[in-house]
J.: 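Quick one: this structure, given as structure tokens, is what I'll be asking you about.
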Amino acid sequence: MAVPAGSLSVSLALSSTAEAAGARVVPEGNRNKSQPAIPFSSARRTKAAQSTYDQKFDKIIAVLKRDSSLISKIKRVAGRYNIDPIHMIGAIIGEHTYNYDTLDSAQSYYIKALNYAGIPLKFEYNGENVEDFVQRPEFDRCQTKSIQQHSDRRWGCYETVWESKFRNKRVSGTRFPGTNFNETFFQPLFSGQSFGLGQLSPLTVLKMTDRVARQSRNRPLSASDPKAVYKATMDPDISLEYMAAVIQDAIEAYKSVGKVDISKNPGITATLYNLGDPWKRATRFRRSGATWPSENYYGWLVNDRLEKIRSVL
């Protein structure tokens with residue numbers, strides 16, 4: 001799961017409150033009559049696990065229903081970020097139905113977080129730390145005060161420059177890989193792109209860290225402390241904050257830029273949680289002339305089974 005490259009800051013979103021107040025409320029339910037195509041990678045993972053989407057959906061529902069402590073935490077965090085907890089539940093269910101093999105209990109993530117804490121981690125490529133890498137002249141446009149003072153804009157800018165200047169290109173005699181910024185620098189030991197209950201990536205955590213720090217007791221994180229970043233992706237007590245921040249950011253993006261309120265449609269917020277780039281997508285939606293944003297396969301499931309999903313609350 002990813003967050004927007006070049007996303008706007010919270011302060012900018014809040015400055016447009018008057019405009020956002022007039023946003024049209026997106027109706028409940030799906031715009032697509034049938035579920036959009038599910039990516040082959042998801043089907044392959046599910047088949048390899050000798051499971052089905054329905055089985056995985058039912059299992060995560062059962063796990064959440066019996067974990068009253070986790071549900072209480074989700075409700076508290078959602079309240080802190082002023083979002084309906086159904087958005088967080090929908091994202092968790094979507095991730096564990098399509099993008100992750102299984103979820104036995106939230107406790108398993110606490111154990112994994114402890115295991116990760118004992119592993120030496122570095123955010124680097126080919127021996128070069130990411131914080132040194134982004135000092136290259138290609139990243140000069142990211143060094144302005146307006147970008148540097150907001151974590152989402154800062155890391156979003158770095159990601160954009162990587163895509164345009166380095167990914168699958170030869171620079172100063174070095175051929176760089178065709179992998180994305182997160183996969184290249186932030187997964188030195190692991191093949192997956194996201195981790196934990198909310199299937200967050202380390203890059204997502206770094207983008208959202210200022211937003212989380214403003215609304216919780218969690219201190220801002222930096223790439224110089226990989227263990228703390230990985231802990232934030234793995235430890236439910238922290239990762240729930242980042243999940244809420246991602247959803248809050250998407251809602252603000254569509255209110256501010258798209259002029260629609262998606263806070264009453266969990267399928268749309270789930271879609272954006274899955275796809276990332278809500279500020280860019282909100283801009284595309286506004287320019288498209290479409291009446292309402294539509295859901296992908298992931299969000300479609302959330303809306304289609306909303307009554308059953310809401311039962312865990």
Side-chain angles (χ1 to χ4, degrees), residues 1-9 12 39-41 99 116 119-196 199-211 220-233 242 245-246 249 253 257 272-284 287:
M1 184 261 120
V3 176
S7 64
L8 301 180
S9 66
L12 179 57
F40 173 73
S41 59
N99 296 333
Y116 275 54
I119 299 174
L121 297 168
K122 293 181 180 180
F123 291 153
E124 62 180 30
Y125 170 71
N126 201 23
E128 185 173 7
N129 186 277
V130 68
E131 293 190 312
D132 295 327
F133 190 87
V134 297
Q135 298 306 312
R136 292 180 179 224
E138 289 85 355
F139 293 91
D140 282 352
R141 71 182 183 88
C142 302
Q143 306 305 330
T144 64
K145 182 178 179 181
S146 62
I147 289 177
Q148 285 293 311
Q149 65 185 359
H150 299 290
S151 62
D152 56 343
R153 300 188 71 190
R154 181 169 67 252
W155 287 101
C157 186
Y158 295 157
E159 185 179 26
T160 298
V161 171
W162 167 263
E163 289 292 321
S164 63
K165 302 291 187 180
F166 292 95
R167 184 173 183 173
N168 205 28
K169 292 181 172 61
R170 185 175 294 277
V171 181
S172 301
T174 300
R175 183 72 182 186
F176 289 93
T179 50
N180 63 39
F181 190 56
N182 177 67
E183 190 175 357
T184 303
F185 285 96
F186 297 99
Q187 295 157 211
L189 299 175
F190 313 102
S191 59
Q193 292 201 46
S194 55
F195 306 90
Q199 288 297 285
L200 295 164
S201 73
L203 183 56
T204 296
V205 168
L206 287 170
K207 286 179 179 179
M208 291 289 103
T209 189
D210 284 354
R211 181 182 285 267
L221 302 174
S222 75
S224 63
D225 191 353
K227 285 190 177 182
V229 174
Y230 264 104
K231 181 177 175 62
T233 70
Y242 281 88
V246 170
D249 184 56
V257 178
L272 294 168
Y273 191 91
N274 174 237
L275 297 176
D277 291 339
W279 292 88
K280 285 186 176 180
R281 294 180 188 283
T283 299
R284 290 194 212 112
R287 293 173 177 171

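Keep in mind that what you see is a predicted model, and the values were worked out from it rather than measured.
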J.: Supply the atom-to-atom distance Q143 CD to C157 SG, rounded to the nearest 0.5 angstrom.
T.: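 Taking CD in Q143 and SG in C157, the distance rounds to 8.0 Å.
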J.: Centroid-to-centroid, F139 to W162, below 6.0 Å?
T.: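 No, the ring centres sit 6.0 Å or more apart.
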J.: Take atom NZ of K169 as the centre, draw a 6.0 Å sphere, and report whether it contains more than 12 heavy atoms from other residues, nucleotides or ligands.
T.: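 For K169, atom NZ is crowded (more than 12 foreign heavy atoms under 6.0 Å).
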J.: Can the ring centroids of F133 and F185 be said to lie less than 6.0 angstrom from one another?
T.: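 Between F185 and F133, which both carry aromatic rings, the centre distance is below 6.0 Å.
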J.: For the pair Y230 and F123, name the ring-plane relationship: parallel under 30°, tilted 30 to 60°, perpendicular over 60°.
T.: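 Judged by the thresholds at 30° and 60°, the geometry between Y230 and F123 is tilted.
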J.: Between the side chain of R153 and the main-chain N/O of I147, is any donor-acceptor distance below 3.5 Å?
T.: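 Not confirmed, R153 side chain does not pair with I147 backbone.
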J.: Pairing donors with acceptors under 3.5 angstrom, does anything connect the side chains of S222 and S224?
T.: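 S224 and S222 do have a side-chain donor-acceptor pair below 3.5 Å.
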J.: How about T209 and S151: does a side-chain donor come under 3.5 Å of a side-chain acceptor?
T.: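 No - no donor-acceptor pair under 3.5 Å links their side chains.
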J.: Please find out if less than 6.0 Å separates the ring center of F181 from that of F166.
T.: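 No, the ring of F181 stays outside the 6.0 Å limit from the ring of F166, centre to centre.
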J.: If you take all heavy atoms of R175 and Y125, which pair is closest and at what distance?
T.: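 Heavy atoms only, the tightest pair is O-OH, 4.0 Å.
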J.: Check this for me, if you would: do R136 and E128 make a salt bridge, where the nitrogen-to-carboxylate-oxygen distance has to be below 4.0 angstrom?
T.: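 A salt bridge links R136 with E128.
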J.: Below 30° counts as parallel, above 60° as perpendicular, anything between as tilted: where do the rings of Y158 and W155 land?
T.: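 Plane angle over 60°, so perpendicular.
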J.: Looking at Q135 and E131, what are the two nearest heavy atoms and their distance?
T.: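 In this case the closest contact between Q135 and E131 is CG-O, 3.4 Å.
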J.: Looking just at side-chain N and O atoms, do D249 and W279 make a donor-acceptor pair shorter than 3.5 Å?
T.: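 Yes, W279 and D249 have a side-chain donor paired with an acceptor closer than 3.5 Å.
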J.: Which heavy atom in R141 sits nearest to a heavy atom in T160, and how many Å separate them?
T.: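 For R141 versus T160, the nearest heavy atoms are NH2-CG2, 3.3 Å.
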J.: Between the side chains of T233 and Y242, is a donor N or O closer than 3.5 angstrom to an acceptor N or O?
T.: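 Judged by distance alone, the side chains do not pair up.
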